[in-house]
*Asks:* 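Pasting a structure below so you can have a look.
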Protein chains: 4
Amino acid sequence: MGRPSNKPQRRAEIVQALMQVMAVKGYDGASIQEIAKQAGLAPGLIHYHFKTKQDILLEAVTQLSDLLKQRYLDLSKSAETAEDKLRLFIKARLAKGEGENQQAVVAWVMIGSEAVRQTEVKKVYLEAMKEQKEVLSELLQDYFQSNHPKGKLSEKQLETKVAFIMSFMEGAFSLSITSPEIMPENWAAEELMENLL
Amino acid sequence: MGRPSNKPQRRAEIVQALMQVMAVKGYDGASIQEIAKQAGLAPGLIHYHFKTKQDILLEAVTQLSDLLKQRYLDLSKSAETAEDKLRLFIKARLAKGEGENQQAVVAWVMIGSEAVRQTEVKKVYLEAMKEQKEVLSELLQDYFQSNHPKGKLSEKQLETKVAFIMSFMEGAFSLSITSPEIMPENWAAEELMENLL
Amino acid sequence: MGRPSNKPQRRAEIVQALMQVMAVKGYDGASIQEIAKQAGLAPGLIHYHFKTKQDILLEAVTQLSDLLKQRYLDLSKSAETAEDKLRLFIKARLAKGEGENQQAVVAWVMIGSEAVRQTEVKKVYLEAMKEQKEVLSELLQDYFQSNHPKGKLSEKQLETKVAFIMSFMEGAFSLSITSPEIMPENWAAEELMENLL
Amino acid sequence: MGRPSNKPQRRAEIVQALMQVMAVKGYDGASIQEIAKQAGLAPGLIHYHFKTKQDILLEAVTQLSDLLKQRYLDLSKSAETAEDKLRLFIKARLAKGEGENQQAVVAWVMIGSEAVRQTEVKKVYLEAMKEQKEVLSELLQDYFQSNHPKGKLSEKQLETKVAFIMSFMEGAFSLSITSPEIMPENWAAEELMENLL
DNA sequence: TATGAATGAGTATTCATTCAT
DNA sequence: GATGAATGAATACTCATTCAT
């Protein structure tokens, strides 16, 4: 009896709409009005599903983080060697996507700068980063164990390499958005592998 | 002859104030009122010196860009070899500064995300990036010419390396702000050299 | 024959919920959503039972008024003399109750200030007051007739005394809520009798 | 140099406007828009002078409290005996005023019910009440000392009497607003003296 | 009867910008 | 140049009420 719930779908739609608008106007520039219009919903409904605008952003962070994770999992099914897996991890994050993917990248960059000043955002952003760091650490350790004569990296070496790769990936995101003119086409993933591994 | 003009100083003060507030609250969060308070000026005076709020931001971009350039020039005076110069360039940008420098980094990250949506900001930001790219290209070319047997890099190789370094530096900025917890201490410059050159 | 109607119970539940929420947040602060939550009902159901929010308030006024009347009737069963009855009337209204009673007092104070601006509320509030006035007048007249040598009070004297008592009771309500710190404990009823009769 | 400050006047104007609107529509019903219109100011200006709407209310409480105090001080200049003073204190509070005074009474009643749910309001309201209580206690003590054979009242007796008078005055305010139909004309002050002293 | 999503007008508050002094 | 008051549009958020199921 009664009207069936559609919260999960609606929430997802709203998160999508936020990211679409945010990709063009930034987080502050994404007004509830415009998010609503983008989603084809009444403004008031946004706040029926999310208590605050920030809550939409927080859900976007986890959603994006999960998207990247999923992208890697999908790709890595076909990978056999440690090297392939590592390569695919990097590719999953850096391959310039079309449409939605491109938008996801922009959204991620924006979220990064929101993390600077919104404590809550920083928390979930950091959580996502830590998760990423762990996966990458493992992959990297596997890779070196199976490909390098000296085998296992020291804790410190590993941490340094991971930070290096993550920095590079984050920066590549950023510059691909803000300064595409100075970036070569389709280069990031392969280049990183070549230089680093 | 009237009061002597103090426009340049006032403008610089206002730009400084913007960056200080922006480092904490972001660009949108930096209200003219607060900028004024930070600068110790009356709100109305801000618009006497700058037509719009965006104009302050634009001046901040060039000011920051010049600051980084100057930092390199100061350091490079003592450099002899191509390798030293390259090393110092990277150091000038990545060395974690205290106080003002730290703030400049945050401001730069914020500006990056403003560049995504404000065309005018993007223009000057890109300009600064191009300038940086040129300097870096030259240094890199010199370095390889004098240190590697095969000598000069191809145009494409060079471009790729430059983009790589710039991406890394941009990302290191970003993560040092948003995710310091996952970054090693004091590592960036040396690590980059070791891995890349 | 369909579902058996439960309108009366539901309505009473909703009125109760309004008073509970109103006691904490005032009338304006008591949103339909919250009233619904307090009553354990769906928001939409509220408007199935009451056309408007104000209607709930109007019903609350009569419900509260009836409650006070009933309280007196229950108490007065055991009263014999005119003095006892009068004493019990005052006690019924002023005795600081626990839980529900306390809440009823707060609700009544809130209703008083709603009466100032909502004509409809004022109407029923006034009705309740008049009823109270009549009961009190009668009791008072009886009391003086049987206890004072000069017997019956003049119309004007009576009216004055009634207004006096009602003012005091209303103010004692109010201050017991807003300024309990400046009010003695458990004093009102006896004190009034002593001073007034 | 520069524009001269007019904050104090403006603030007073805004407080006045709040009380005028509040007298008709209650506190919640007094929107910033309407307060602004009543004061003949732009809505934005209200928040230039007061951080929040509640702040206007808080200032109103102290302003009203001061008004009542002043009213008593003005009247009591001519008073000689303790009895006169006491009489004038009560009169200052209860004498039904015209225009502004009437409005002040309504505003005070409204503030009372806001005090129930707004902690900040309660704080200042209570402060005003305590002040009033102290003045009244002193007057009452003086009165009894000079007029009654047994002299000084016990602490407890005094406290009870004060609470009694304050309750009555508060209730008389309230009913004069919400239920003028059941209240006699111009009666309160004299009646109180007669019954109580 | 009941549920819970949807609507849309309304609210306090912020803020870039302008203006009077 | 400088001050600080004033403007008015924009914004996130609330909420009584309606509606689809």
Side-chain angles (χ1 to χ4, degrees), chain A residues 1-7 9-11 28-36 40-56, chain B residues 2-7 9-10 28-37 40-56, chain C residues 2-7 10 28-37 40-56, chain D residues 1-7 9-10 28-36 40-56:
Chain A
M1 194 171 29
R3 189 171 181 161
S5 173
N6 62 350
K7 277 216 164 191
Q9 300 98 290
R10 275 280 179 270
R11 284 175 69 95
D28 286 282
S31 72
I32 294 285
Q33 294 281 342
E34 204 149 353
I35 294 169
L41 303 172
L45 193 55
I46 306 287
H47 279 95
Y48 176 74
H49 289 287
F50 289 92
K51 215 168 181 203
T52 66
K53 186 179 158 186
Q54 188 187 249
D55 283 344
I56 317 178
Chain B
R3 211 178 304 210
S5 172
N6 56 358
K7 279 212 163 191
Q9 301 97 293
R10 275 281 182 264
D28 284 280
S31 73
I32 293 283
Q33 309 277 341
E34 202 155 351
I35 294 168
K37 191 191 286 179
L41 302 172
L45 197 54
I46 307 286
H47 278 87
Y48 177 79
H49 288 285
F50 290 91
K51 205 168 183 203
T52 68
K53 185 180 161 186
Q54 189 187 249
D55 283 344
I56 317 178
Chain C
R3 206 178 306 204
S5 172
N6 56 359
K7 280 210 163 192
R10 275 280 182 267
D28 284 278
S31 73
I32 293 284
Q33 310 276 340
E34 203 155 349
I35 294 169
K37 191 189 286 177
L41 302 172
L45 196 55
I46 306 286
H47 277 88
Y48 176 78
H49 289 285
F50 289 91
K51 208 169 182 206
T52 68
K53 186 180 161 186
Q54 189 186 247
D55 284 344
I56 317 177
Chain D
M1 193 173 26
R3 190 171 180 160
S5 175
N6 62 349
K7 278 217 165 191
Q9 301 98 292
R10 275 279 180 269
D28 285 282
S31 72
I32 294 286
Q33 294 281 342
E34 204 149 351
I35 294 169
L41 303 172
L45 192 56
I46 306 288
H47 278 94
Y48 176 75
H49 290 286
F50 289 92
K51 217 171 181 195
T52 66
K53 186 179 158 184
Q54 189 186 247
D55 283 344
I56 316 178

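Nothing here was measured: the structure is a model prediction, and the numbers come from that model.
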*Asks:* In chain order, what residues pass the side chain to side chain contact (heavy atoms under 4.5 Å, CB included) check against A:Gln33, with sequence neighbours excluded?
*Replies:* A:Ser31, A:Pro43
*Asks:* Between C1' on F:dG1 and CD on B:Gln9, what's the gap in Å once rounded to a whole number?
*Replies:* 13 Å
*Asks:* Where each residue is assigned the nucleotide of DNA chain F containing its nearest heavy atom, which of B:Gly40 and D:Arg10 is assigned the position nearer the 5′ end?
*Replies:* B:Gly40
*Asks:* Rounded to whole Å, please give me the gap between NZ in B:Lys37 and P in E:dC15.
*Replies:* 11 Å
*Asks:* Pairs counted only when both distances fall under 3.5 Å, Watson-Crick or G-U: show me the 5' to 3' dot-bracket for DNA chain E, [ ] for pseudoknotted crossings and | for other-strand partners.
*Replies:* .||||||||||||||||||||
*Asks:* B:Lys7 has an atom NZ; how far is it from atom C1' of F:dA2, in whole Å?
*Replies:*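 B:Lys7 atom NZ is separated from F:dA2 atom C1' by 13 Å.
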*Asks:* Between A:Arg3 (CZ) and E:dT1 (C1'), how many Å, whole number?
*Replies:*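 One finds 17 Å between C1' of E:dT1 and CZ of A:Arg3, rounded.
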*Asks:* Among residues at least two apart in sequence or on other chains, which ones pass side chain to side chain contact (heavy atoms under 4.5 Å, CB included) with D:Lys7?
*Replies:* D:Ser5, D:Tyr48, D:His49
*Asks:* Could you tell me how far apart A:Arg11 (CZ) and E:dA5 (C1') are, to the nearest whole angstrom?
*Replies:* 14 Å
*Asks:* B:Phe50 has an atom CZ; how far is it from atom C1' of F:dA2, in whole Å?
*Replies:* 16 Å
*Asks:* Find the distance between CD1 (D:Ile56) and NE2 (D:His47) and round it off to the nearest 0.5 Å.
*Replies:* 6.5 Å
*Asks:* Nearest 0.5 Å, what's the CG-CD1 distance between A:Leu45 and A:Ile32?
*Replies:* 11.0 Å
*Asks:* On the nucleotide E:dA6, are OP1 or OP2 found under 4.0 Å from the side-chain N or O atoms that A:Asn6 carries?
*Replies:*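 Affirmative; the distance criterion is met.
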*Asks:* If I take atom CG in residue A:Leu41 and atom C1' in nucleotide E:dA5, what distance separates them, rounded to the nearest angstrom?
*Replies:*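 Rounded to the whole Å, the gap is 11 Å.
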*Asks:* Could you work out, with side chain to side chain contact (heavy atoms under 4.5 Å, CB included) as the rule, every residue matching B:Asp28, not counting sequence neighbours?
*Replies:*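 For B:Asp28, the residues satisfying side chain to side chain contact (heavy atoms under 4.5 Å, CB included) (neighbours in sequence not counted) are A:Asp28, B:Glu114, B:Arg117.
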*Asks:* According to side chain to side chain donor-acceptor pair (under 3.5 Å), who are the partners of A:Arg11, at least two apart in sequence or on a separate chain?
*Replies:*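 Result, side chain to side chain donor-acceptor pair (under 3.5 Å) vs A:Arg11: A:Glu59.
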*Asks:* One character per nucleotide, please: for nucleotides 8-16 of chain F, 5' to 3', B when the base has a protein heavy atom closer than 4.0 Å, S when only the sugar-phosphate does, - otherwise.
*Replies:* B---SBB-S
*Asks:* If you look at every heavy atom in D:Ala42 and D:Ala36, which pair is closest and at what distance?
*Replies:* C-CB, 4.1 Å
